[in-house]
Structures are given as structure tokens and as C-alpha cells.
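Only heavy atoms go into these numbers, but all of them, side chains included; no hydrogens, no water, no symmetry mates. Here is how names work: the chains are called A, B, and so on, in the same order as the sequence lines, proteins then strands, and each is numbered from 1.
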Amino acid sequence: MPRTRLTVQPIRRTYRPCYPSYQDPNPLLEPSAHPYPFSKRMLQALGAAGFSGALLLSSLTACDSTKTASSRPVADSGNPFPLAAMHLPYTPVMFGTGLPSRLDRQTAIETINKVFQEELPVQYDTLVQANGISVIANAYNTEHRIGYVWVNYDNMGAGTVQETDFNYHSVLSYDKQVEVIETRIGYQWQQYSTNTEQFLKQLRNRKTKPALVLAEELSGHLTEENRLNKPAFQTRFLQYERANNLAHYQGEEEASTLARLLIQVLTRESSTLKALAKTNILHRGFRAYSGPHSRVGDELSSLVDQELQAIVNTKNYNTWGQRSDALLDVLGSVQHYALRKADNPAMLALTDVMQNPNWRQRPKKLAAIHEVVDKQLLSLHELQILAKSHRPEDSYIAPISIRDDRMILRNMDIYSVDAGLLKQMQHLQQQWRSAEEGAAKDSLHQQMNEIQMQQDSLRKQQQLDSRQQTLQHLETDVRAYIRWAKGQQGY
Amino acid sequence: MPSPILAATFHLTHHCNLRCTYCYTGEKRPIAMSRDTVDASIDFILREHKRRGSERLDITFFGGEPLLEKDHIFYIVNRLNEACDGQSINYRLSTNASLLTQELMVQLMTARIFVSLSMDGPPHVHDLHRPQAGGQSSSQQAIRGARILLKHNPCASVTCVISPNTAEHLVNSVDFLYELGFRYLLTTLDFSADWTVADFKKLKKAYQGLATWYETKMKAQERFYLSYFDERIRTRTHKPIHAHERCNIGGRQFSIAPDGALYPCIQFVTTEGLPEYMIGHVKHGFDEACQTHINRASEHPKTECQGCALESRCSKWCSCINFMSTGSIEKASPVVCYNERILMEIVDRTADRLWRKRNPMFLHKHYNPDYPIIAHYEISL
């Protein structure tokens, strides 16, 4: 019988590793981020094998679970929903074509809620004080302090968006609008200083009178000695934009209160930069609150219309300036497009402010609107706080975002084709083209239709499979988050 | 319990040309399996294979030294291949390599028998515990045999046994075997030895050195498998395996002694015989009552381990090791316990360092399900 002086001693605590366990997202689910480091000999051997080697290479390097799967970010110390996964701040784009399809909000929320229901009893859409901030959690368990918040374009707040001129739904605050204009002018300077000839050519192509005037003027400043410096260029370009805007609205003033007001702004404001910023805000504000596409409800629309009219009719220059500035503050208090809906609490609060007949009091009452807006929006700072929970006493509210690559639906390309079917189709097309009119040609056409139907059917199935896989991965990651959060809290 | 794999080990002989100090098979006597017993064993295996509906047969040749009975090896392979035409059979052989020749190696490769070697390290370490029958050194023969093996199969594995007095040479031993050309390195302790706390202190230091070695090789993107590290990392990166899948002692796996007696696993086949662990005979079949009893004993919860933070990752489930260490399959081995306690933390810290750097080999080795195939190709090039 073997002897030993040792005894079995269970240990209560051990080193807690950080590398992903089987319960965490597989770090290789984004294979392009971590390509397999093939040895030189392997690459040489596969190269010598030619095409078949390349096929073998691609089949060997594809992890099965990544085929048609959405990208899953590398877990940050075990948290499946790190801040980096949200890719913020983001830049809004004008057009939607070419962008990947994503899971719709309803499906994503239903899926996440389902997982929470299975794992924890939760309350829905509840205001939570968590880690020093307020957040309306989509689902939250008060005992474990675990929940999630769905982060969509309509609740992304300060710091989450890179504002540009192209985001024409935004009604910016005055300072933000000035920043946007300055960035635009800075870009123009860059173009002018690096390739003046090209810049002038593009300016002339605009074919408006102010553009041609500016181009003519700048053509006289092409030598090193008389070339415009940056401040001079920027001042001149701002003047050009002012003149351009004025030319645009003149001719409309008879038909439109807004045009009359904007002409007043462009002609009365002494600072060109302020004139342009104010024009932008009032124009967008009108579109958001009063125009035919406004969604804020009749009452608020009517109040804004009345205010515009009142400003236009104000004769006193100082009063006019103060009253139009006051309207700027009010219109810029709810910048977020998604909040500008008739039933939104922010619009109700704004209506209250606009109902005050004393226009001078209105800017002083904006704090109530800001509070309502803040509650509905999550700033980048707040999202950072939520994503950084790690201590046992923290609340764990996962910020799950529409911008997460996991929400991308792969294989949604309407042009994707099966290679085999494509070949058959091409072959049939060739035959069809050279066939004589008659039954044979009709038959070929019928066959082509059938192949097209097969393609469509295949594509639909691919899309369904991809969607299913995306949902499954989302479920797995939400479960992993709940487990991780419990682990962090010591459960 | 039904299982897709049936694993049988032929102990072809009790005889061996070496006298390894830690060998558990007992006194070396020239007692070989007779042709009659071989036939009965093959028939028994085929009956069991059919009865269980298993999808694959895993056949291992063991001893003593199985190459002393090489005729039996090829006879068994031919008979089984003929009887199981088209079905999947894996053949393995565990040898000390001292009797391996080029010609024999070619025959073994042709028969598709996967050969693994036992070697403890460089000569001054290997010869401490693996002398020849007359006491002479066996290291040169082992090295020669290793070279022949690797020439024909670069993916061959080697088992290195660590004893209390060789622990401090562990890194040198592993490195020696690696430089010899082995890429699949299995390390194991001599669980029957009289380990002390002081021995484990030395072993801990050796493991720390081995961690540095492992990290260096991973950073250099070397392809290799080091069981002590990779298996422990696997206990975290892969779902826990149920006990009956890990060790189905006496159930889906069994050993056939030279006299035809059936035992639950290799550690129970000794020259002296252990009747209390015998679970049947090839001529009469399994004694189901004994099988069930031993199976239950091996599955018996190790109450002494309750509440341990390493319980789900520890290798206390191996009944053979428990038996070797404590004399009982129901008791957890204190040697295993100490070993896991010191090794697991070292392995996890090493893995964390590699993870933090997103080391590509670490990521693919442990998270890419295709890695074993890719690495196999690359090593064999």
C-alpha cells in the first residue's frame, strides 16, 4: 500500500482567471481580427497544392461557429457587452443603402426580455438609480441589481453622435451649430490651401452669383505675396455663405414667414457667424416644429408659428434680436429627432414653456425640458459608467446597442447567388439567346424562371438562418452577461 | 450506459526488458498472452462491440513491453480489421522504444498503429528510474527508438513521468524531448511515490519554470501540446465533461490481462493479480455485479473534496490514479490534490498573460475547434 504524508485539503479560494471560459463569447468569432498564424511550411505546401490548397486553407481557417454569424466583440474581462461594442460616437449618414441590415428593435428587445425572464424576475421600463446615474432600464431585477438598457438612435445622447451638416434632423444648440460651421469652414480652408486651382474650379461649378464672385476674387490672390491667410479666407468664405443664403431666401419672402425671418437674420445680425448659425437653427427648427413634416402636434406647431410671426413683426432691432435669440434657445433645447413627437414628455414640457406669453421668461424655464430630455437619453459618459461596472456593490445594467455588430444580419445581400445555380442560369441564357422563337425558347425561359425561384428560395433560407443565428448568439451573450454579473457580485 | 466508443487494452505480456522503478504492473515475468487467449479476447471484443452497437473500437497494446509480442500485435490487427471491415478502429501502442527498429516501425505504420513512447528526459534523468533489466542505462536505446519513431510519425506522443527526485529537472526534460522532435508531450506524476510537502515545493518551482518555457514557445508560435498545461486550460475553455464520459472504468473501457482476465483499467493489471478488481474473463464475459460495483465506487462522490474551489476542474475523477496513490478507487489522491493546487494557479496565470497579449497561438489552440487538425498537418510537414 503506497504511503503518503500528504492529505486532501479543499481550498475555498483560488486565483480567478480572466481568459474566456466556455461560457464567454468565443474570442475567435471575429476571425479577421485574429487570423490563424500559419507556418511558412504550411503556406508553401498549400501554395504548391494550388487551388485545392487554397480551398483547404479556407476550410481549415473557418471556425464553424463563425460561418454566417454576426460579429461578437472580444469580451472585456468577461463582460460580453463592453463599451467598445457600441462603436460610439458614431457619425450619422445621409443614405441608408449599402449599410448592413440589423435586427429590428422589437425583435431584439423581445429576445433579450425572454432571456431575462428565464434567468431573473424583472421589472420592465423602470427608472433606476445605478452607479450614480439615472437610467430607464428596459428590464431590471432589484434584488440582484442586474438589468439592461436598449441603446437605440432615439435615446443616444450627448457625446454619442458626431454632428455634421448632413444630419438635417438635428436642431442643434447655438454653440454646437457654431462648432459645425467652423468645422465646415476649416475644411474649405484645407481645400483652398492644398489645391487652390481645384478649389476654385469647384467653386465656379456651383454657378451661383455669390460663388462666381468669390471665385473671381480669390483668383486675384494666387501669388505667394497676396494669397489669403487663414483668418482672411475664413472671414471671406463666411461672407460668401451669408450672401448665398440670402440669395436663396430672397424671392420666397412673400410666400413664407420663415423666409422673411431668415432674411431679417441674414441682413440684421452684425456677426456673420452668428447669422449663419441662427439661420441654420431657425430653418431646422421650423422644419421640426412647424413645417408640413413636423410631428410635434398641432398645439406646439401653432405656438411656434405664432412666435415666428411675432418676431418678424417686431420693429425694434434690440427686441427683435433678443426675441429671436430666445426662440433659438427654446428650439435648440430638444436636439434629438426621436424626442420630437407629440406624445413625448419633452414636447409636452416644451409646449408648457411656449404657452408662457412672456417670451423673456421662456429661456429661464428650459431646465425642466432638459431634465425630461436627460431622463430619456443616455450620454456617452453615462454609457461608460454602465459598461464599467465591476465591483460587487455595483449595479449591472448592460447597455445593449443597435450599433453592436452582433445586431448585424449577415447574408442579407439581395444580390448573393449560389455559384452552381448562377452557372446554370448563364448556360440557359446563352441557349435562350440563340434559340429560335417557339416552344423550345419558351421552355428555356421557364427553366430560367425556375432557377430564379430556387435562388430566391435559397436566399430567403439563408436570411432566415442568419437571423436565427443572430438571435441565438444574442441570447447566449445575454445569458453570459447575467452569469458574469452574478459572478462579479459574488453569487 | 451505451457509448459510441468501446476501448479495450491488450496486456500482451507481463515481461519487459526494462525495470522502471515506478512501474505498477509488478514483478516482470515472462508470462505472455497465449494464442488461444488472444483469439478468445478478439471474439469477446467483437461480441461486446456488436452488443453495445458502438461506432468505434479503440484498441491499445500494452504490457510489460508489448513489442516483445509483436506477432500477436499484427495478428490481432488483421483479425479485427477483417471482422470489422469498413468500421472505424483506432490502434495504439505504448512502448519503451528500446526494441523499435526501422523495419518494425514501417510495419506498425502500415498497420496504422499509433505508437507512443515513454521517456523521462535527458539520459541523466531517464536512467534514474528506467534502467534495463541488468541495471544498465536504457537512455541511448530510447533515444534511438525515439528518432526512428519521429522519422515515421512526427506527431507521435511521449509520456514523461515525474518523480520526487526528478522534479527539479522537469523543464530540462520537457525541453530535451521537444528538441528531440516530440510535439505532443504528456507529463504525469509518479502517483505511487512517497511525495512530501518539500518535494512539492521543488515541483512548484519546476512548474514555474515550465510556465516560462510554455509561454516562450507560444510567443514563438510553436505548435505543440503539453498535457499538464493544455488540459488544465481546457477545463476552463470547454464545457465540463460528465464523469461517465471521462472515465467509464470497467464499462466502455477495460483491460485484458495476459491470462484473459478482465480488469477495469491498465493500473489493475499486475503480475500478482488483483482478484477484488477483476470484472470478468474473456471466455465467460463480464461479471456485471463486479462491473457495477467498481463503476459505482469510481463515481462515488469524494466527500473530502466538497466545497473545493477547484472541484470542477480537478483530475480527482481518475480512478486509476486514486488507486495507485491511496490503494482505493473511492478516495481522492492527496498527491493529485497537492499537484492541482499548485499547478492550476500557475497554468491560469500563464494563460492570462497570453490572453492579455491576445497571443494568436493561445487563441487558436484553445478556441479554434479546427486547431488540432491544422496543427497536426503543420507538425507533420
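Atoms CZ and SG, from B:Arg356 and A:Cys18 in turn, are 6.0 Å apart once rounded to the nearest 0.5 Å.
Around NZ of B:Lys217, the count of heavy atoms belonging to other residues, nucleotides or ligands within 6.0 Å exceeds 12. Applying the 6.0 Å contact sphere to NE2 of A:His381 captures no more than 12 heavy atoms from other residues, nucleotides or ligands. For A:Lys486, the NZ atom sits in a packed shell: over 12 heavy atoms of surrounding residues, nucleotides or ligands are nearer than 6.0 Å. Annotation: A:His144, atom NE2; neighbour count of heavy atoms from other residues, nucleotides and ligands within 6.0 Å is above 12.
Partners of A:Arg483 by side-chain contact (heavy atoms from CB on, under 4.5 Å), not counting sequence neighbours, listed by chain and number: A:Gln23, A:Arg479.
Contact of B:Ser333 with chain A is made through the backbone alone, with heavy-atom distances under 4.5 Å. Only the backbone of B:Gln306 comes within contact range of chain A, with heavy atoms under 4.5 Å apart. Contact of B:Arg236 with chain A is made through backbone and side chain together, with heavy-atom distances under 4.5 Å. When heavy atoms are compared at a cutoff of 4.5 Å, B:Cys308 approaches chain A by way of both its backbone and its side chain. With a 4.5 Å cut-off on non-hydrogen atoms, B:Arg353 does not touch chain A at all. Using a 4.5 Å cut-off between heavy atoms, B:Arg223 contacts chain A through its side chain alone, with no backbone atom that close. Contact annotation for B:Gln221: only side-chain heavy atoms (C-beta onward) come within less than 4.5 Å of a heavy atom of chain A. Within the 4.5 angstrom heavy-atom criterion, atoms from both the backbone and the side chain of B:Ile233 approach chain A.
Using modelled atom types, no side-chain atom of A:Tyr22 and backbone atom of B:Arg234 make a donor-acceptor pair closer than 3.5 Å. With hydrogens and angles disregarded, no donor-acceptor distance shorter than 3.5 Å links the side chain of B:Asp352 to the backbone of A:Pro17. Looking at A:Arg12, its side chain never comes within 3.5 Å of a backbone N or O of B:Ala309 through a donor-acceptor pair.
Smallest separation of non-hydrogen atoms from B:Trp355 and A:Pro27: CZ3-CB, 3.7 Å. B:Tyr367 and A:Pro20 make their closest contact through OH-O, 2.6 Å (heavy atoms, listed as atom of the first residue, atom of the second, distance). Counting all heavy atoms, side chain and backbone alike, B:Glu378 lies closest to A:Pro37 at OE2-O, 4.4 Å. Counting all heavy atoms, side chain and backbone alike, A:Gln9 lies closest to B:Tyr338 at NE2-OH, 4.2 Å.
Between A:Leu6 and the choices B:Asp194, B:Val197, B:Asp199, the side-chain contact (heavy atoms from CB on, under 4.5 Å) rule is met once, by B:Val197.
Residues B:Leu310 and A:Ile11 are in side-chain contact: their nearest non-hydrogen atoms beyond the backbone lie under 4.5 Å apart. In this structure, the side chains of A:Tyr19 and B:Asp348 come closer than 4.5 Å at one or more pairs of heavy atoms. Residues B:His364 and A:Leu28 have side chains in contact (heavy-atom distance under 4.5 Å, counting atoms from C-beta outward). Residues B:Cys305 and A:Val8 meet the side-chain proximity criterion, which asks for heavy atoms closer than 4.5 Å.
Annotation: cation-pi pair B:Arg349/A:Tyr15 present, NZ/CZ under 6.0 Å from the ring centroid and within 45° of its normal.
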